[in-house]
Amino acid sequence: MRETGWWTPAVIAGLVLVLALFLRWFAGQVSESRPRWVRLMGAGLTLRRRAWERAMTAQAATVDGVAHARVRVAGRPLRAAVTLVVEPEARPAEVVRRVAAGVVADARRCAGVRGLPTDVRVRVANRRERRTR
């Protein structure tokens, strides 16, 4: 194959094409996954994504039955991922209902969007005593 004149340019062109496709994919992952600024209702109102996540996390942590909360906002269109660690005696369905009615509804209202798709993951806090030696 090396005797033909087209082999080396074809391999180089193929590698350049693979590299270009990888760079395009990587740039798409970086730019689309986590917007730095979120546009809110009103003319010209914007908020840093991290500040919005922290505010939503703080609000979710105040819900009765929640031991720990974490909220992440990513994607275009915006999508929220809420992770809740609930107390062992709490009812997870009730806690999720309160978070959806409070935190997620407030986020939708602030952002001025009809739907903010939200994924909620619930875990139960482990209250076993830690052993010491």
Side-chain angles (χ1 to χ4, degrees):
M1 288 180 65
R2 291 184 184 183
E3 294 175 3
T4 59
W6 60 268
W7 186 81
T8 303
V11 169
I12 292 172
L15 291 174
V16 167
L17 179 65
V18 169
L19 180 65
L21 289 173
F22 171 74
L23 289 175
R24 179 178 165 94
W25 172 82
F26 184 71
Q29 294 295 316
V30 171
S31 67
E32 289 184 21
S33 65
R34 302 197 59 151
R36 294 187 75 180
W37 296 91
V38 178
R39 189 175 296 268
L40 300 178
M41 276 185 349
L45 296 177
T46 57
L47 179 67
R48 278 189 90 85
R49 177 194 47 80
R50 283 190 146 186
W52 196 28
E53 289 175 349
R54 288 180 185 150
M56 289 174 66
T57 299
Q59 188 178 3
T62 62
V63 173
D64 289 337
V66 175
H68 179 72
R70 180 178 170 192
V71 178
R72 294 288 178 231
V73 178
R76 290 188 192 173
L78 289 175
R79 179 173 204 81
V82 180
T83 304
L84 300 172
V85 179
V86 298
E87 302 287 340
E89 60 276 353
R91 294 183 176 166
E94 182 68 26
V95 171
V96 169
R97 213 173 301 119
R98 282 191 215 133
V99 168
V103 178
V104 177
D106 286 347
R108 285 181 182 140
R109 190 172 50 252
C110 288
V113 294
R114 265 194 190 170
L116 177 64
T118 305
D119 297 327
V120 179
R121 294 184 180 195
V122 180
R123 294 183 316 180
V124 177
N126 189 357
R127 290 291 186 204
R128 286 187 281 166
E129 292 184 27
R130 295 187 180 181
R131 296 181 183 166
T132 58
R133 292 184 184 194

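Of all heavy-atom pairs between Val124 and Pro88, the closest is CG1-CA, 3.7 Å. Shown here for Ala69 and Ala60, the closest heavy-atom pair between the two residues is CB-CB, 3.8 Å. The two residues Asp106 and Gln59 come nearest to each other via the heavy atoms OD2-NE2, 2.7 Å.
Using modelled atom types, no side-chain atom of Arg79 and backbone atom of Pro117 make a donor-acceptor pair closer than 3.5 Å.
Under the salt bridge (charged side-chain N to carboxylate O under 4.0 Å, His left out) criterion, Arg123 pairs with no residue, sequence neighbours left out. By the side-chain hydrogen bond (donor to acceptor under 3.5 Å, both in side chains) test, Arg97 pairs with Glu94, sequence neighbours left out. Asp64 pairs by the salt bridge (charged side-chain N to carboxylate O under 4.0 Å, His left out) definition with nothing, not counting sequence neighbours.
In this structure, CG on Leu17 lies 4.5 Å from CG on Leu21, to the nearest 0.5 angstrom. The distance from the OG1 atom of Thr57 to the CG atom of Leu84 is 9.5 Å, given to the nearest 0.5 Å. Rounded to the nearest 0.5 Å, atoms CZ (Arg72) and CE (Met56) are 11.0 Å apart. Taken to the nearest 0.5 Å, the CZ atom of Arg70 stands 12.0 Å off from the CZ atom of Arg54.
A chain of hydrophobic side-chain contacts below 4.5 Å, direct or via other Ile, Leu, Val, Met, Phe, Trp or Tyr residues, connects Leu116 to Val63. Leu19 and Phe26 end up in the same hydrophobic cluster when Ile, Leu, Val, Met, Phe, Trp and Tyr side chains are linked at under 4.5 Å. Both Val120 and Val71 belong to a common hydrophobic cluster when Ile, Leu, Val, Met, Phe, Trp and Tyr are linked at side-chain heavy-atom distances under 4.5 angstrom.
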Exercise for the section: Could you check Val96 against Val122 for side-chain contact (heavy atoms from CB on, under 4.5 Å), going step by step and ending with a plain yes or no? Expected result: CA-CA 8 Å; Val96 169; Val122 180; 3.5 Å; yes
